[in-house]
Amino acid sequence: MKLSRFNIVIFIGFFAILGVIIMQFFLLNQAYSFEKKEVESKIHYALRDVVERIYVDNNSELIVSNQIKKIAHNYYVVNVNDVFENNILEFYLKKEFNRVNLDLDFEYAIYDCGSNNMVYGNYIDADGDTSKKCEDCFTKNHDLIYYFAIRFPTLKQNYFSSLKQYWIYTVVLFIVLIIYVYSVLLMLKQKRYTVLQNDFINNMTHEFKTPLASILIASNYANSQDEIKKSPKLSKYIEIIINQSKKLNQHIEQILSLAKTDSHNIQLNKTKVELSNIVKLIKENILLKYSREITFTLLFPKKYTVLADEFHFYNILYNIVDNAIKYTKGNPDVTMMINDNVKYVTLSISDNGDGVSEKDLPFIFDKFYRVERKDSKEIEGFGIGLAYVKKICQLHNWKISASSTETGLTISIQIPKTDIYE
């Protein structure tokens, strides 16, 4: 199945975010392992120093190796192999843990040889609270005589809290992924609706064109009959039918052309088109369409041949000129001018109308957008002419822009020199 550029971008974006999240989880796991190893090292060194201090206090030599044994992730047994007191042990534990910056809750128990039981010490909270204790949390070790056990109840919670920054980043990335997936689903849904809309427009316009063609054929045939020619009233009616049918056919063609450009079905057939011939044809058709006095001013320094699709090139220029006349009160004056530089040839079409306001100017090429005017209801149109013009320019890789002044509107088409033959 062939993927569109839109789908490829979506898949790349999805896998990129997914890859970042996987990488974030990998970094989180690495940070967790590093934090765990660092805390275990601090505990080991602190307990070893506690044993050494006890031996120094007893004026004894340290004859036991591997004194510290890890039983569980938060439970340690320390073989002292010498007598020591409860309060001394607690003092040294606090001091050594503080020295290595180990802010953990802990509790300890000492094996009593006389009673053969574990004698519980205090629960030392990192904040100084000693009220909590755990019953039956310590087990006896039958291989040792002088030893104590220590456990860290909040050790695992401490790992997670120390990685709070990593967790925040991970949650943020998850939220971004959820928003992205939701946005993609909306875009796919919107795209499906757009395809359905274009299919509907194509089907609707084709269905309109069939009966419209029949109406035009019948009207032209009726108009050639002697009975119609002899009756001025009937002849006038037939003329109205023919003119309105042609106008309706033009609107249908515009809608079809725009639907094709939206669905990327349009194929350009580029040939060398002489600009002056296109302009001459447009001028003739415009003068036939309007009964008003229209002035055309052509400021072409020389002849230009453009590499373009002749049919669509004619349509875009005709649409611009037609708009210029349609929205100009009085006698329209249309000026077509060419500015030539090293990289581009700019074709500008100006009128002597009222122009377009600053707030409307950025949107005049948008589909179905119509500038608010007092006479907008009197002027026919769907707001698709300039949208079609922009689409065709984009397909030719041309740039189009509009500027407005009090003396009228100017639409400029920037054509690269590679598409110009002088």
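Throughout, numbering of the chain's residues begins at 1 and tracks the sequence. Please read these numbers as outputs of a predicted model, since none were measured by experiment.
Taking Tyr147 as the reference, Tyr111 meet the ring-ring contact (aromatic ring centres under 6.0 Å, His included) condition, with sequence neighbours excluded.
Side-chain contact between Ile110 and Asn86 is present, with heavy atoms from C-beta onward closer than 4.5 Å. Looking at heavy atoms from C-beta onward, Val51 lies in side-chain contact with Val78 at the 4.5 angstrom threshold. Put simply, the side chain of Tyr92 reaches to within 4.5 Å of the side chain of Ile88, judged on heavy atoms. At a threshold of 4.5 Å between non-hydrogen side-chain atoms, the residues Thr139 and Tyr75 count as touching. Between Leu347 and Phe300 the shortest side-chain heavy-atom distance falls below 4.5 Å. Counting heavy atoms from C-beta on, the side chains of Ile124 and Asp105 never come closer than 4.5 Å. In this structure, Ser350 and Met337 have side chains that are not in contact, with every pair of non-hydrogen atoms separated by 4.5 Å or more. A heavy-atom distance below 4.5 Å is not found between the side chains of Asn315 and Ile392.
Minimum heavy-atom separation, Leu409 to Ala402: CD1-CB, 4.4 Å. In terms of heavy-atom proximity, Leu268 sits nearest to Leu395 at CD1-O, 3.5 Å. Scanning both residues, Ile413 and Ile316, for their nearest heavy atoms gives CD1-CD1, 4.2 Å. Shown here for Met118 and Ala149, the closest heavy-atom pair between the two residues is CE-CB, 4.1 Å. Shortest non-hydrogen contact noted between Ser357 and Asp360 is OG-OD2, 2.9 Å. Of all non-hydrogen atoms in Glu310 and Ile278, the two that sit nearest each other are CG-CD1, 4.0 Å.
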TODO: Just do the side-chain hydrogen bond (donor to acceptor under 3.5 Å, both in side chains) check on Tyr76 and His44 with the steps written out, would you?
DONE: CA-CA 9 Å; Tyr76 292 81; His44 182 84; over 6 Å; no
Open item on the list: Test side chain to side chain contact (heavy atoms under 4.5 Å, CB included) on Ile241 and Ile215; report intermediate values, then the result.
Closed with: CA-CA 8 Å; Ile241 292 172; Ile215 292 171; 4.0 Å; yes
TODO: Using the ring pair (Phe, Tyr, Trp, His ring centres under 6.0 Å) rule, take Phe138 and Tyr108 through it: C-alpha gap first, then chi angles, then the decisive distance, then the call.
DONE: CA-CA 8 Å; Phe138 296 90; Tyr108 65 94; 8.2 Å; no
Task: Intermediate values then yes/no, side chain to side chain contact (heavy atoms under 4.5 Å, CB included), Leu299 and Ile338 - done: CA-CA 7 Å; Leu299 301 176; Ile338 282 183; over 6 Å; no
Open item on the list: Could you walk me through whether Asp49 and Val100 satisfy the side chain to side chain contact (heavy atoms under 4.5 Å, CB included) test, starting with their C-alpha distance in whole Å, then the side-chain angles of each, then the deciding distance to 0.1 Å, before giving a yes or no?
Closed with: CA-CA 11 Å; Asp49 290 343; Val100 295; 5.7 Å; no
Open item on the list: Checking Phe313 against Leu275 for the side chain to side chain contact (heavy atoms under 4.5 Å, CB included) test, could you report, in this order, the C-alpha distance in whole Å, the side-chain angles of both residues, the deciding distance, and whether it holds?
Closed with: CA-CA 9 Å; Phe313 189 37; Leu275 182 58; 3.7 Å; yes
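Partner of Ile286 under the side chain to side chain contact (heavy atoms under 4.5 Å, CB included) criterion, out of Leu281, Val321, Val334: Val321 alone. Of the candidates Asn319, Asn285, Asp309, Asn285 is the only one forming a side chain to side chain donor-acceptor pair (under 3.5 Å) with Tyr314.
If you take CG on Leu102 and CD on Glu38, they are separated by 9.5 Å, rounding to the nearest 0.5 Å. To the nearest 0.5 Å, atoms CD1 (Ile411) and CZ (Phe365) are separated by 4.5 Å. Of the inter-residue distances, the one linking Tyr237 atom OH with Ile242 atom CD1 reads 15.5 Å to the nearest 0.5 angstrom. Here the CD-CG distance, from Gln67 to Asn79, works out to 7.5 Å after rounding to the nearest 0.5 Å. Separation of atoms CD1 (Ile415) and CG (Asn397) is listed at 12.0 Å; rounding is to 0.5 Å. Residue Ile43 holds its CD1 atom at 8.0 Å from NZ of Lys70, rounded to the nearest 0.5 Å.
By the 6.0 Å contact criterion, NZ on Lys399 is open, its count of non-hydrogen atoms from other residues, nucleotides or ligands being 12 or less. Other residues, nucleotides and ligands contribute more than 12 heavy atoms inside 6.0 Å of the NZ atom of Lys140. When the shell of 6.0 Å around CD of Glu358 is examined, it contains 12 or fewer heavy atoms from other residues, nucleotides or ligands. In the displayed structure, Tyr45 atom OH is contacted under 6.0 Å by at most 12 heavy atoms of other residues, nucleotides or ligands.
Side chain of Arg292 to backbone of Ile325: a donor-acceptor contact under 3.5 angstrom is found. Listed for the His396 side chain is no donor-acceptor partner under 3.5 Å among the backbone atoms of Lys270. Within the 3.5 Å criterion, the main-chain N or O of Thr335 finds no donor-acceptor partner in the side chain of Asn352. In this structure, the side chain of Asn74 does not engage the main chain of Arg151 through any donor-acceptor pair within 3.5 Å. Asp351 contributes no side-chain N or O that, together with a main-chain N or O of Gly408, makes up a donor-acceptor pair within less than 3.5 Å. In this structure a side-chain-to-backbone donor-acceptor pair under 3.5 Å is present from Lys417 to Asn341.
Salt bridge annotation for Glu40-Lys37: absent, with no cationic side-chain nitrogen under 4.0 angstrom from a carboxylate oxygen.
Note: Phe106 and Phe97 have perpendicular aromatic rings, judged against thresholds of 30 and 60 degrees for the angle between ring planes.
Side-chain polar atoms of Tyr290 and Asp322 form a donor-acceptor pair below 3.5 angstrom. There is a side-chain donor-acceptor pair under 3.5 Å between Tyr304 and Asp340.
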